[in-house]
Undergrad: 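Can you read through this structure? Questions will come right after.
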Amino acid sequence: MSSPALSYEKVRDHLSVLSLPSALAGLDSVLEEGQKQERTTVEIIDHLLTLERTDRFDRRIKLNLKLSGIAVAKTLESFDFDAQSSISKATLDELATLRFLHQGDNLLFLGPPGVGKSHLAIGLSLCALKQGHRVYFLTLHDLVTKAQNARQKNRLGALRNTLIRPDLLLLDEIGYLPLETPDASFLFDIVSYRYDKGRSIILTSNKSYANWGDIFPDPILATALLDRLLHHSTTINIRGDSYRLKHRRQAGLHTETKG
Ligand code: ADP
Ligand code: MG
């Protein structure tokens with residue numbers, strides 16, 4: 001056995017070489033506290049490793065959030081359920097357990113503009129990120145732009161990986177623009193692959209399924225896509241007026257003209 005002083009140096013070196021920076025930074029305080037509280041050796045080791053794991057998890061969440069493309073912090077806590085009677089808080093609380101994600105189910109939020117579809121979809125995605133899941137968010141418009149760029153640069157494979165790998169894909173605003181055949185096929189490929197792997201998608205759309213034929217160039221493709229999306233899924237229909245408009249009206253800022 002080496003001397004205690006040497007052992008201390010060696011432990012520091014181990015933590016550094018093994019890339020355990022948080023354990024290294026916390027070593028002195030963990031040892032001091034261990035001594036003061038008369039902790040056992042195993043408790044001290046546990047404390048040190050917990051420190052490293054907690055910091056590592058926090059770093060992972062921060063990185064995943066950065067990579068997710070989610071730029072606005074729309075949380076479930078900031079959603080006003082009293083203002084939105086077509087959806088219950090209990091339903092969202094159940095979804096926030098992320099059971100759907102573990103089961104590979106899809107979630108589809110349907111409804112007119114401004115009723116909170118994206119807010120709730122992002123809120124649930126933030127729950128998933130907090131639990132350490134990888135999430136990727138984009139609008140259908142982003143997807144089309146990215147796919148067109150990628151095709152020109154011969155990088156469609158890389159984009160495909162970005163969209164199939166995350167634990168959760170959030171596809172926002174389906175239905176505002178009709179798709180051309182190559183983009184529709186690309187989307188179908190992504191949805192099919194994720195379906196086969198049991199990886200969830202959250203999707204928002206202002207169009208009911210009956211009108212999805214308008215978005216896709218080919219009705220057979222639309223049916224096949226819906227088939228995969230809906231097989232293991234929950235659809236949440238949100239009704240009502242636009243939240244922003246309602247609030248502007250309440251604040252007396254919106255004047256309706258009668259003609
Ligand atoms: P949609 O995606 O259905 O078009 P959004 O989720 O973008 O609508 O909502 C529009 C705006 O109104 C967003 O800023 C959103 O945060 C806010 N909003 C909508 N519904 C609510 C609600 N019930 N409570 C709090 N904010 C809401
Ligand atoms: Mg939206």
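All ligand and atom numbering here is 1-based and tracks the order in the structure.
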Undergrad: Could you tell me which atoms of ligand 1, counted from 1 in the order shown, lie closer than 4.0 angstrom to a heavy atom of Ser78?
TA: 25 (C)

Undergrad: I'd like to know if the side chain of Lys207 reaches the main chain of Ile174, judged simply by a donor and an acceptor atom lying under 3.5 Å from each other, with no hydrogens or angles considered.
TA: no

Undergrad: Does Thr204 come within less than 4.0 angstrom of ligand 1, counting non-hydrogen atoms of the residue?
TA: no

Undergrad: I'd like to know whether CZ of Arg59 has more than 12 heavy-atom contacts from other residues, nucleotides or ligands below 6.0 angstrom.
TA: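 It does: Arg59 CZ has more than 12 such atoms within range.
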
Undergrad: Which atoms of ligand 1 have any heavy atom of Pro113 under 4.0 Å away?
TA: 4 (O)

Undergrad: Can you confirm whether the side chains of Thr235 and Tyr209 place a donor and an acceptor under 3.5 Å from each other?
TA: yes

Undergrad: Answer yes if the side chains of Ser68 and Asn64 hold a donor-acceptor pair under 3.5 Å, and no otherwise.
TA: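 No.
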
Undergrad: Do the two ring centres, one from Phe186 and one from Phe188, sit under 6.0 Å apart?
TA: no

Undergrad: For atom 6 (O) of ligand 1, what is the closest protein heavy atom, and at what distance to 0.1 Å?
TA: His119 N, 2.8 Å

Undergrad: Nearest protein heavy-atom contact for atom 26 (N) of ligand 1: which residue, which atom, what distance?
TA: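 Result: Tyr243 CE2, 3.3 Å.
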
Undergrad: Verify whether one side chain among Thr139 and Asp172 offers a donor that lies under 3.5 Å from an acceptor in the other.
TA: no

Undergrad: Regarding ligand 1, does Ala83 bring an N or O atom to under 3.5 Å of one of the ligand's N or O atoms?
TA: no

Undergrad: Which of the atoms of ligand 1 are close to Lys74, meaning less than 4.0 Å from one of its heavy atoms?
TA: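 With Lys74 as reference, the close atoms of ligand 1 come out as 13 (C), 14 (O), 15 (C), 16 (O).
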
Undergrad: Is Asp58 salt-bridged to Lys62, cutoff N-O under 4.0 Å?
TA: no

Undergrad: With 2.8 Å as the threshold, which protein atoms of type N, O or S lie near the Mg ion (ligand 2)? Leave waters out.
TA: Ser118 OG

Undergrad: List for me each residue that meets salt bridge (Lys or Arg N to Asp or Glu O under 4.0 Å) alongside Glu180, sequence neighbours excluded, and say none if there are none.
TA: none

Undergrad: Consider every N or O of Phe81 and every N or O of ligand 1, then say whether any pair is closer than 3.5 Å.
TA: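 In fact, backbone or side chain, Phe81 has no N or O that close.
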
Undergrad: Do any nitrogen or oxygen atoms of Asp80 lie less than 3.5 angstrom from nitrogen or oxygen atoms of ligand 1?
TA: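 Yes.
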
Undergrad: Using the ring centroid of each side chain, check whether His141 and Tyr176 are separated by less than 6.0 Å.
TA: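 No.
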
Undergrad: Would you mind checking if Arg199 and Asp105 are paired as a salt bridge, meaning a charged N to carboxylate O distance below 4.0 Å?
TA: no

Undergrad: Does any N/O atom on Tyr176 come nearer than 3.5 Å to any N/O atom on ligand 1?
TA: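 The answer is no, given that Tyr176 and ligand 1 share no N or O pair closer than 3.5 Å.
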
Undergrad: Verify side-chain hydrogen bond (donor to acceptor under 3.5 Å, both in side chains) between Tyr8 and Asp28, making sure each step is shown before the conclusion.
TA: CA-CA 10 Å; Tyr8 174 76; Asp28 290 343; 2.5 Å; yes

